[in-house]
Amino acid sequence: MDAPDLNLLPALDALLAEGSVTGAARRLGLSSSAMSRTLARLRAAIGDPLLVRAGSRLVPTPYAIALRDRVHTLAREVRDVLSPQDSPLDLATLDRTFTIRANEGFVGLFSAPLVAAVLAAAPRVRLRFAPKPAKDAGPLRDGAVDLDIGVLGAFAPEVRTHLLFRDRFVGVVRTGHPLLSAPVTPPRYAAARHVVVSRKGGFKGPVDEALAMLGLQREIVAVVPGFPDALRIARQSDLVALVPRSCVGDASFPHDLLSFELPVATPEIAVSAMWHPRLDADLAHRWLRDTVMAVCRAATRDLRERPGWPGMASQASSAGEG
DNA sequence: TCACGTGTTTCGTTAATCCG
DNA sequence: CGGATTAACGAAACACGTGA
């Protein structure tokens, strides 16, 4: 059996897009008779007339209509595959959708400046923020996710990573909460009732382990899937929320909430960007990574300069002032 | 192994024809 | 008249045998 003639693919794409031999010929820089002969070859190869006479014009057959989108996608992919990779990246015309998987905390803090930075440089690029149901390299591998942002897990070994910033947990309560009427000591903190965030619904975390070292135990009365949910509950109750400090630095952080340093030591949270090595050399993806890193650097600069940010010399303090 | 000659195939062109 | 198709033809690529 003969291999299909792949040279016919761009001609088929042009014919289905134009619906006309003359139009397709013009598009590919050929004479209409040459395109007519190519159409004849396509008809023989596919076994369908593809375009048939309807009065003075040609109309596509149902099979041609069914093929149109597939052929167009294929033709574009073939063009991309065979295009030299070292051609300069043209951000002004870059037409692409990037899917970024991140938790609500990251989206809340970084999505606005990231979208602004992306649109400023590449107006035809679209960003799709996908929820982060689990740590799973599958979507990175199969291409459903371009960039995964979060804490490194037991990821596939081939996945590339880059540290974006370091974070740490802080406590958050409503204004006027009795916990902040005196220094937040481990016993006073443990005596309060808490709301925590867990995607898997777990009730125990590093804070509980640190408290246990001191012989203390806190009472968790609510587990929610996202940090905004925890903040909402803290705002309307006496529950103490546990959220990353980056959430507190968000401009949208409610004024009637106060954050405070935890009275126990907890491990830092290293937030990283992760991507599949398949995209390592992709110029557009590299630009996206650089943009994400730059936005994170700029957005966390202000936060880093505030007391209590990881790596900064600081004492426990109640936030919300100023 | 390589260069060369020759026949075949492919795919383009122009010009003519057909069709609505 | 505009657009599709076909016939005739040519250039380039390809396949293959041959000889150095």
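Computed over heavy atoms, backbone and side chain alike; hydrogens, waters and symmetry mates excluded. Chain letters run A, B, ... following the sequence lines, proteins first, then strands; residues in each count from 1.
Heavy atoms only, all atoms of each residue included: A/G23 and A/E18 are closest at C-CG, 3.6 Å.
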Do any side-chain atoms of residues 108-122 of chain A form donor-acceptor pairs under 3.5 angstrom with protein atoms, and if so which ones, sequence neighbours left out?
from: A/S111; atom 1: OG; to: A/V107; atom 2: O; distance (Å): 2.4

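Note on residues 173-187 of chain A: pairs passing salt bridge (Lys or Arg N to Asp or Glu O under 4.0 Å), not counting sequence neighbours, are A/R174-A/D238.
Heavy atoms of other residues, nucleotides or ligands lying less than 6.0 angstrom from CZ of A/R193 number 12 at most. Around atom CZ of A/R70, no more than 12 heavy atoms belonging to other residues, nucleotides or ligands sit under 6.0 Å away.
Atom CG of A/L51 and atom C1' of C/dT5 are 13 Å apart (whole Å). In this structure, A/L42 places its CG atom 15 Å from C1' of C/dT5, rounding to the nearest Å. One can place CG of A/L58 at 12 Å from C1' of B/dC19, the figure rounded to the nearest angstrom. In this structure, A/M35 places its CE atom 21 Å from P of C/dG2, rounding to the nearest Å.
In summary, A/E261 and A/R245 engage in a salt bridge, as defined by a charged side-chain N under 4.0 Å from a carboxylate O.
Residue contacts shown for A/L39 are limited to sugar-phosphate atoms, with no base heavy atom under 4.0 Å away.
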All N/O pairs under 3.5 Å across the protein-nucleotides 6-10 of chain C interface:
from: C/dA8; atom 1: N6; to: A/R37; atom 2: NH1; distance (Å): 3.4

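In this model, the phosphate group of B/dG12 is approached by a side-chain N or O of A/R41 to a distance below 4.0 Å at OP1 or OP2. OP1 or OP2 of C/dA4 has at least one side-chain nitrogen or oxygen of A/S20 nearer than 4.0 Å.
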